[in-house]
Amino acid sequence: MQNAVPRIAIAVLTLLHLVGPFTPINRSDSGQIVVGAMIIGAGFAGLFVWSFVKPRAASRAALGLFIGVVALGAVTGASPVLEGLPVKVALAAALLFGSLTADMSAREGPSAADRSSM
């Protein structure tokens, strides 16, 4: 269950970047923005698949990519940092939660059910 939260956040980021440029709300006439969004969306899609194998690493990489995208949008003026702030904070928190809880579960060792079968 703990890996589901960051995985859902990565799936949301994938959909936002792959579908977002084609919606009426976020429509862009610039081909560069559409191609950039597709590349970023493909990156998040790859991280989503990787999260089934290495959830902690995928969560950390997705958090880094997400922060990079937000920073790039803020620097270029394409998307102000305060625009959609609650959603950005929620997604970042979910990814951070995934990387921290994966760390804790790795340190705990085998669960009680696993120990009783030994």
Side-chain angles (χ1 to χ4, degrees):
M1 178 65 182
Q2 69 190 11
N3 294 332
V5 173
R7 194 171 291 135
I8 291 169
I10 296 170
V12 167
L13 287 166
T14 301
L15 290 175
L16 285 174
H17 286 90
L18 291 178
V19 177
F22 303 106
T23 60
I25 295 171
N26 214 12
R27 190 160 205 78
S28 175
D29 294 331
S30 171
Q32 293 174 335
I33 291 176
V34 172
V35 170
M38 293 291 125
I39 292 170
I40 294 167
F44 280 121
L47 291 170
F48 177 77
V49 172
W50 193 33
S51 72
F52 288 95
V53 180
K54 299 253 185 196
R56 179 178 57 195
S59 293
R60 288 181 177 170
L63 181 60
L65 179 59
F66 179 64
I67 290 171
V69 168
V70 170
L72 183 64
V75 168
T76 61
S79 175
V81 174
L82 296 179
E83 183 178 296
L85 187 63
V87 175
K88 290 175 183 176
V89 169
L91 290 170
L95 295 172
L96 185 62
F97 170 77
S99 45
L100 294 177
T101 55
D103 274 346
M104 287 189 268
S105 65
R107 278 189 236 132
E108 289 173 1
S111 67
D114 291 338
R115 287 189 295 259
S116 65
S117 65
M118 291 181 175

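Small disclaimer: the values here were computed from a predicted structure and weren't measured.
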If you measure from CD1 on Ile39 to NE2 on His17, what distance do you get to the nearest 0.5 Å?
12.0 Å
Residues in ring-ring contact (aromatic ring centres under 6.0 Å, His included) contact with Phe48, at least two apart in sequence or another chain:
Phe52
Roughly how far, to the nearest 0.5 Å, is CZ of Phe44 from CG of Leu15?
11.5 Å
Go through the steps to decide whether Leu95 and Leu13 satisfy the test side-chain contact (heavy atoms from CB on, under 4.5 Å), and finish with yes or no.
CA-CA 11 Å; Leu95 295 172; Leu13 287 166; 4.0 Å; yes
All heavy atoms of Ala58 vs all of Ile10, minimum pair found to be O-CD1, 4.1 Å
Tightest non-hydrogen contact, residues Ser99 and Arg60, listed as CB-CG, 3.4 Å
By side-chain contact (heavy atoms from CB on, under 4.5 Å), which residues pair with Ala61, not counting sequence neighbours?
Leu47, Trp50
May I have all residue pairs that pass side-chain hydrogen bond (donor to acceptor under 3.5 Å, both in side chains) and include part of residues 5-15, sequence neighbours excluded?
Arg7-Ser51
So which pairs with a foot in residues 84-93 pass side-chain hydrogen bond (donor to acceptor under 3.5 Å, both in side chains), sequence neighbours left out?
none
Return all side-chain donor-acceptor pairs below 3.5 angstrom for residues 65-73, not counting sequence neighbours, or 'none' if the list is empty.
none

Residues sharing Leu85's hydrophobic cluster, by side-chain heavy-atom contacts under 4.5 Å among ILVMFWY, directly or via others?
Leu82, Val89
